[in-house]
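Worksheet for the structure shown next.
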Protein chains: 2
Amino acid sequence: MARIRAVDRRLFLLIEIAARRLNREADKRLKADAGVSAAQAGVLFLLLRRGQRRMGSLSKTLSLNPPAVTGLVDRMVKAGLVTKTTDQTDGRGAMVALTAEGSEAAERADIVLRDLNAGLEARLGDEVSDILHDAFTRIVIAES
Amino acid sequence: MARIRAVDRRLFLLIEIAARRLNREADKRLKADAGVSAAQAGVLFLLLRRGQRRMGSLSKTLSLNPPAVTGLVDRMVKAGLVTKTTDQTDGRGAMVALTAEGSEAAERADIVLRDLNAGLEARLGDEVSDILHDAFTRIVIAES
DNA sequence: GCCGATTCGTTCGTTTCCGAAAGAAACCGG
DNA sequence: CCGGTTTCTTTCGGAAACGAACGAATCGGC
């Protein structure tokens, strides 16, 4: 408690530290139960919910720079989770789609995420969870 | 009434994305105005507020794994922001302290952080800021 | 049809972070 | 005082993210 007093007036630092903790927790569980990292789970989740997507779309939705997406997707291709092909309608674009193996991993990851989410919201309480959700949605959406 | 809890709510992913955006924003401003990265600013802020600290203390407070602290501090030593010496009272410990240059950078970083913080809290509103602050403090403190 | 401008993704170099394991120093029971 | 344990830090290998710069493909004005 006294340990974090030095940063407790800096929401920026606080969020950074909390996000690190949550990500570490999620990464561990996801690797154990679904065999994928937290970053990969984000991609799988998107592809599962919305179908195949182009690199640029992933970049925007996940708020990742293009080089980060390239590296992330390449590792997932190597792991057999997704395929990357040239977009038929635009030769510049690269389309990312789930493989059968990727779909299974995405389902497992979805369950883990749901569970983690329930735990987090239980810790925070429903009301706070709603406020948090709204606040972060606003931050994320806030014009890119 | 509270809005319907969407099935695809994933606070974990949302926080991750939001934290990435905030960190990117902070990093950019800090590099421009104070000449340090966001991660380095966290260390500077701590040392400025609470004086010299050992590696393990930084690790705990910032919730960073030991190897991350080693790399981070080493780069800061190279940049002339801090010094790293053996703890007098415990030969195992390495003590990290601000240099004169580091103190100046810390002051500048503090101003930038204060400004960023004010902007973020203005975007969120006082009430939400307080709730967010409490929530994240709880997350950070939880199971240290 | 042609060429410059734009869009899209990748490559490059660096920073930041992780887990696992090794190394060094202090502590402690006998 | 001494061997084993504990504590603290570093080394190692890899994943993930950034900005800057580059090349390939498309689009738009002429």
Side-chain angles (χ1 to χ4, degrees), chain A residues 13 16-32 35-44 53-79 81-82 84-96 144, chain B residues 13 16-32 35-44 53-79 81 84-96:
Chain A
L13 298 179
E16 198 173 327
I17 293 172
R20 205 143 53 203
R21 265 180 188 279
L22 293 175
N23 185 66
R24 197 154 38 194
E25 179 186 347
D27 199 63
K28 193 184 242 177
R29 291 271 311 263
L30 283 164
K31 277 177 179 164
V36 300
S37 70
Q40 292 176 350
V43 176
L44 292 178
R53 278 275 173 283
R54 284 177 48 171
M55 300 291 282
S57 173
L58 295 175
S59 172
K60 272 203 189 103
T61 307
L62 298 174
S63 194
L64 284 173
N65 277 8
V69 179
T70 296
L72 184 54
V73 169
D74 280 357
R75 283 186 294 272
M76 294 178 74
V77 168
K78 197 174 292 179
L81 298 170
V82 298
K84 189 162 74 167
T85 54
T86 305
D87 185 347
Q88 301 300 335
T89 68
D90 187 340
R92 295 170 301 180
M95 189 65 81
V96 183
S144 45
Chain B
L13 297 179
E16 199 171 328
I17 293 172
R20 206 145 50 205
R21 280 178 106 82
L22 294 176
N23 186 65
R24 194 155 42 200
E25 180 187 344
D27 198 62
K28 195 184 238 175
R29 291 270 312 265
L30 283 165
K31 277 177 179 163
V36 300
S37 71
Q40 293 176 349
V43 176
L44 291 179
R53 277 276 171 281
R54 285 176 47 170
M55 301 290 280
S57 173
L58 294 175
S59 173
K60 274 204 186 102
T61 307
L62 298 174
S63 196
L64 285 173
N65 276 9
V69 178
T70 296
L72 185 53
V73 168
D74 280 357
R75 284 186 294 273
M76 294 177 75
V77 168
K78 197 176 291 179
L81 298 171
K84 189 162 74 166
T85 54
T86 304
D87 186 346
Q88 301 302 336
T89 68
D90 186 340
R92 296 170 301 179
M95 187 67 78
V96 182

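To find a chain, count down the sequence lines: A is the first, B the second, and so on, and within it residues start at 1.
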Quiz item: Whole Å only: how far is the CD atom of A:Gln88 from the P atom of C:dC8?
Solution: 18 Å
Self-check item: Spacing of NZ belonging to B:Lys28 relative to CG belonging to B:Asn23, to within rounding of 0.5 Å
Solution: 12.5 Å
Quiz item: So which one's nearest nucleotide on DNA chain D is more toward 5', A:Gly91 or B:Asp74?
Solution: B:Asp74
Practice problem: Ignoring backbone atoms, establish whether B:Arg24 has a side-chain N or O less than 4.0 Å from OP1 or OP2 of D:dA17. | Solution: no
Quiz item: Using a cut-off of less than 4.0 Å, is there contact between a side-chain N or O of A:Ser37 and OP1 or OP2 of D:dA16?
Solution: yes
Quiz item: Which string of ( ) [ ] | and . matches DNA chain C, if you list each base 5' to 3' and count Watson-Crick or G-U pairs only when both distances are under 3.5 Å?
Solution: ||||||||||||||||||||||||||||||
Quiz item: Under a 4.5 Å cut-off applied to non-hydrogen side-chain atoms, are B:Arg92 and B:Thr86 in contact?
Solution: no
Quiz item: Rounding to a whole Å, what distance do you find between A:Leu64:CG and C:dT10:P?
Solution: 13 Å
Quiz item: Knowing that exactly one of A:Lys31, A:Arg24, A:Arg29 qualifies, which makes a salt bridge (charged side-chain N to carboxylate O under 4.0 Å, His left out) with A:Asp27?
Solution: A:Lys31
Practice problem: Between B:Pro67 and A:Gln40, just flag the one whose closest nucleotide in DNA chain D comes earlier from the 5' side. | Solution: B:Pro67
Practice problem: Walk me through it: do B:Val96 and B:Arg53 pass the test side chain to side chain contact (heavy atoms under 4.5 Å, CB included)? | Solution: CA-CA 5 Å; B:Val96 182; B:Arg53 277 276 171 281; 5.6 Å; no
Exercise. Find the distance B:Leu62:CG to C:dC18:P and express it as a whole number of Å.
Key: 10 Å
Quiz item: Taking NZ, NE, NH1 and NH2 as the nitrogens, is one of them in A:Asp74 or A:Lys78 under 4.0 Å from a carboxylate oxygen of the other?
Solution: no
Exercise. Report the C-alpha separation of B:Leu62 and B:Val69 in whole Å, then their side-chain angles, then the decisive distance to 0.1 Å, and conclude whether the side chain to side chain contact (heavy atoms under 4.5 Å, CB included) test is met.
Key: CA-CA 9 Å; B:Leu62 298 174; B:Val69 178; 6.0 Å; no
Quiz item: The side chain of B:Asn65 lies closest to which of these nucleotides: D:dA17, C:dC18, D:dG19?
Solution: C:dC18
Practice problem: Send over the distance from B:Ile17 CD1 to D:dA17 P, rounded to a whole Å. | Solution: 11 Å
Quiz item: Over how many whole Å does the gap from B:Glu25 atom CD to D:dG19 atom P extend?
Solution: 12 Å
Quiz item: Is B:Leu44 close to B:Met76 at the side-chain level, that is, under 4.5 Å between some pair of heavy atoms?
Solution: yes
Self-check item: Presence of A:Lys84 side-chain N/O under 4.0 Å of C:dT10 phosphate oxygens OP1/OP2
Solution: yes
Provide a list of protein-nucleic acid N or O atom pairs under 3.5 angstrom, restricted to nucleotides 4-8 of chain D.
from	atom 1	to	atom 2	distance (Å)
D:dT7	O4'	B:Arg92	NH1	3.2
D:dT7	O2	B:Arg92	NH1	3.4
D:dC8	O3'	B:Arg54	NH2	3.3

Exercise. Check whether any side-chain heavy atom of A:Leu58 sits under 4.5 Å from a side-chain heavy atom of A:Val73, and report yes or no.
Key: yes
Quiz item: Is the shortest side-chain N/O distance from B:Arg75 to OP1 or OP2 of C:dT16 below 4.0 Å?
Solution: yes
Exercise. Could you verify whether a donor N or O on one side chain and an acceptor N or O on the other, from B:Arg20 and A:Ser63, lie under 3.5 Å apart?
Key: no
Self-check item: Rounded distance (nearest 0.5 Å) linking atom CE of A:Met55 with atom CG of A:Asp87
Solution: 12.5 Å
Quiz item: Between A:Leu72 (CG) and C:dG9 (P), how many Å, whole number?
Solution: 14 Å
Exercise. In whole angstrom, give the distance that lies between atom NZ of A:Lys28 and atom C1' of C:dC18.
Key: 11 Å
Quiz item: 5'-most contact on DNA chain C: B:Lys31 or A:Pro66, nearest heavy atom basis?
Solution: A:Pro66
Quiz item: For A:Asp87 and C:dG9, what is the distance between atoms CG and P respectively, to the nearest whole Å?
Solution: 8 Å
